[in-house]
Amino acid sequence: KSLRVPIRIAQRLRNAIMQHKTLSIDPLDTIQERCLLDSVKEFMDGYHGVRKYLTCPLPLPLVQLGRIFVIFYVFTLPFALLNPEL
């Protein structure tokens, strides 16, 4: 549900940019409008790139290996801290 928030914000930004020419006394130039719309598009491209990494599942062997390393680190760290000569 929270992944939809940037999509809604981008849509509202696009609407505000497009409505600016009808609501404002000093409308934006075509170049400025295009630049703002391109910035929103670049933001959404970056968001979709991050979302792709968030939703991509990790392979099970990688997860298991990571767990083994974390468990090994957690249980051997106190011994390394007790012996200052290492």
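Heads up: numbering here begins at 1 and tracks the sequence. Below, all heavy atoms of this structure are taken into account, side chains as well, without hydrogens, waters or symmetry copies. Keep in mind it's a predicted model, so treat the numbers as computed, not measured.
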- Query: How long is the gap from CD1 on I7 to CZ on R4, to the nearest 0.5 Å?
  - Reply: 8.5 Å
- Item | Atom pair OG1/CD1 of T76 and I71 - distance to nearest 0.5 Å | 11.5 Å
- Item | D29: partners by side chain to side chain donor-acceptor pair (under 3.5 Å), with sequence neighbours left out | none
- Item | Listed partners of V50 passing side chain to side chain contact (heavy atoms under 4.5 Å, CB included), at least two apart | L54
- Same apolar cluster: V5 and L13, side chain cutoff 4.5 Å: yes
- Task: With sequence neighbours left out, write down each residue that passes side chain to side chain donor-acceptor pair (under 3.5 Å) with Q11, or none if nothing qualifies.
- Result: N15
- Message: A side-chain contact here means heavy atoms from C-beta on lying under 4.5 Å apart; do R34 and L37 qualify?
- Response: yes
- Would you give the length of the straight line joining atom CD1 of I31 to atom CG of L36, rounded to the nearest 0.5 angstrom? 12.0 Å
- Name all residues meeting the side chain to side chain contact (heavy atoms under 4.5 Å, CB included) criterion together with L58; count only those two or more places apart in sequence or in a different chain, and write none if there are none. L62, V63
- Item | Pairs flagged by side chain to side chain donor-acceptor pair (under 3.5 Å) wherever residues 41-50 is involved - sequence neighbours left out | K41-D45
- Message: The criterion is side chain to side chain contact (heavy atoms under 4.5 Å, CB included); which residues satisfy it with A10, sequence neighbours excluded?
- Response: R14, V40, M44
- Message: Please report the interatomic distance CD(E33) to CG(D38), rounded to the nearest 0.5 Å.
- Response: 10.5 Å
- Closest heavy-atom contact between Q32 and L28? OE1-CD2, 3.5 Å
